[in-house]
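Here is the naming used below: chain letters follow the sequence lines, and residue numbers restart at 1 for every chain. Remember, predicted model here, so these are calculated numbers, not experimental data.
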Amino acid sequence: MAQDYGDRRLDPPDGVLVSQAQAGDREAVQTLLERYQRRLLAVIVGMVRNPEDAKEILQETFVRTFRSLEGFKGESSFYTWIYRIAMNLAIDHQRRGGKRPLVEFDETIGVKEDAVGEGSAILGVDPFKSVRSRELGRKIFEAIESLTPDHRAVILLREIDGLSYEEISEVLDCSLGTVMSRLHYARKKLQTRLQEML
Amino acid sequence: MTCAEFEASFDQYVDDTLDASMADACSCHIAKCRPCDREVTRWQQTRILLSTAVADLATAVDVSSVRNDVFAALGLDQREDAASIERRRSAIREAAYQRDGDSRRSGGRRAQREAASMRRSGFGGFVRFASAATVSAVTAAAAVMMLTAGPTTTAGPREIASNSSNSSIKRVDFVPPWSRKAFDDSVAVDYTPPPLARPNVSDVHGLEAAPGQLVSTWVQPRTNARVIWVEDRGLGAPIRMAGLGK
């Protein structure tokens, strides 16, 4: 898929892939999906916490995005567009109260299920550190959940994905001033909630 | 700068979006003001905790099925669409042109060496050089089938009758298949193959190629052997069945 764009060998920009996808190019659809799935997932999982819900929202985001791709005129960038779809779905999900119980934060997830306990020392996982880390993770997510979905969205887009204020305002369809005030409030609240840990 | 002024600029300061003069003023302030400095440090710690916690949870999500689920929901099946096939073909064509260019730049010596080797080693040489020449362009699985084989009577460039009346003689230089431009860029040559030495013609009764594989066929001028060339473009689908029938 890589071609020469300018003087460097780069992946095609979103605009090129979107045009190809609009023309029915399956490979372009796949490239866009692979490009955005991890980035979107991090923000979505921060919003909903439950991995299964996050995965469902991610899939729904892609389905809606590609189904309505023909109507995409390029007035905004593709990534702010797809982020908008993802965040709207995640915020709606949160307002509905979610579907599944929230998972406990577990730093050993994805490492090895039996790594905790007797075998943990052998596998290099310190059980005390693990418990502390799990506790830390739980408190962080509790702090995130203490924010409203709108505030949560702003802080995650800024801190996890590094979007600029302008991009956040485009994604969330609100003014720059609103973004800044929500960001300020969210930061203060997070710091207050996590005060004992810092 | 006062603490209140710093507080007003706090977010932009930690986000590094202040202009240079304001950023300098904030830096000077926190160098002198411990509470404000502590605020900045605390936020940096919070930021690390936040991103680590979210990243850890995101890593635990198995996204391996997302692509297939999304494609299924969109009604996109596993077959390659026309645009993808054309793009793959273009890439192969481009690689073939590149090889031609390399060969010309080296004074044609490489082509000559290949042709000489072909003459020396017959079909074995063909396979060897085909692998070497195509390895950069294709991740190869090649099925080459000799359908009709005649004894080698002449080697290298040869003169053949352009038609049955022998009114004109056309010289056809041997061009190894990997040096040809592309599979569909064949040059029309008025060519009548010599009579077959063996009349028992074999035929392929079935060849089933999978998506992502390109099948091309040509006749080798020297041996009058028909070659079926199957290229696997790396999509992982094997050749399912290729058979020879008498």
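- Comparing B:V14, B:D15, B:T17 by heavy-atom pairs within less than 4.5 Å of chain A, the highest count is held by B:D15.
- Between the side chain of B:S9 and the backbone N or O of B:Q12 there is no donor-acceptor pair closer than 3.5 Å.
- Using a 4.5 Å cut-off between non-hydrogen atoms, no part of residues 18-32 of chain B approaches chain A.
- Between the A:R67 side chain and the B:A73 main chain, a donor and an acceptor come within less than 3.5 Å of each other.
- Top candidate by heavy-atom pairs under 4.5 Å with chain B, chosen from A:L156, A:L183, A:I160, is A:I160.
- Between the side chain of B:D37 and the backbone N or O of B:C33 there is no donor-acceptor pair closer than 3.5 Å.
- Ring geometry, A:F66 versus A:F62: the interplanar angle falls under 30°, so the pair is classed parallel (tilted spans 30 to 60°).
- Within the 4.5 angstrom heavy-atom criterion, atoms from both the backbone and the side chain of A:Q30 approach chain B.
- The interface of residues 169-182 of chain A with chain B, defined by heavy-atom distances below 4.5 Å, comprises A:M180.
- Relative orientation of the A:H151 and A:Y185 rings is tilted, given thresholds of 30° and 60° on the angle between their planes.
- The contact between A:Q59 and chain B is made by backbone and side chain atoms together, counting heavy-atom distances below 4.5 Å.
- Separation of atoms CG (A:L194) and CG (B:L50) is listed at 8.5 Å; rounding is to 0.5 Å.
- The backbone N or O of A:L69 sits less than 3.5 Å from a side-chain atom of A:Q22, completing a donor-acceptor pair.
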Is there a salt bridge (Lys or Arg N to Asp or Glu O under 4.0 Å) between B:R42 and B:E39? Walk through the geometry before answering. CA-CA 5 Å; B:R42 280 178 60 206; B:E39 278 297 293; 3.0 Å; yes
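- Neither the backbone nor the side chain of B:Q44 comes within less than 4.5 Å of any heavy atom in chain A.
- Distance check, rounded to the nearest 0.5 Å: CG of B:D62 to CD of A:E52 gives 8.5 Å.
- Interface summary for chain B: among A:E60, A:K139, A:E34, A:R158, the most heavy-atom pairs under 4.5 angstrom belong to A:R158.
- If you measure heavy-atom distances from A:I144 to chain B, the contacts under 4.5 Å come from the side chain alone.
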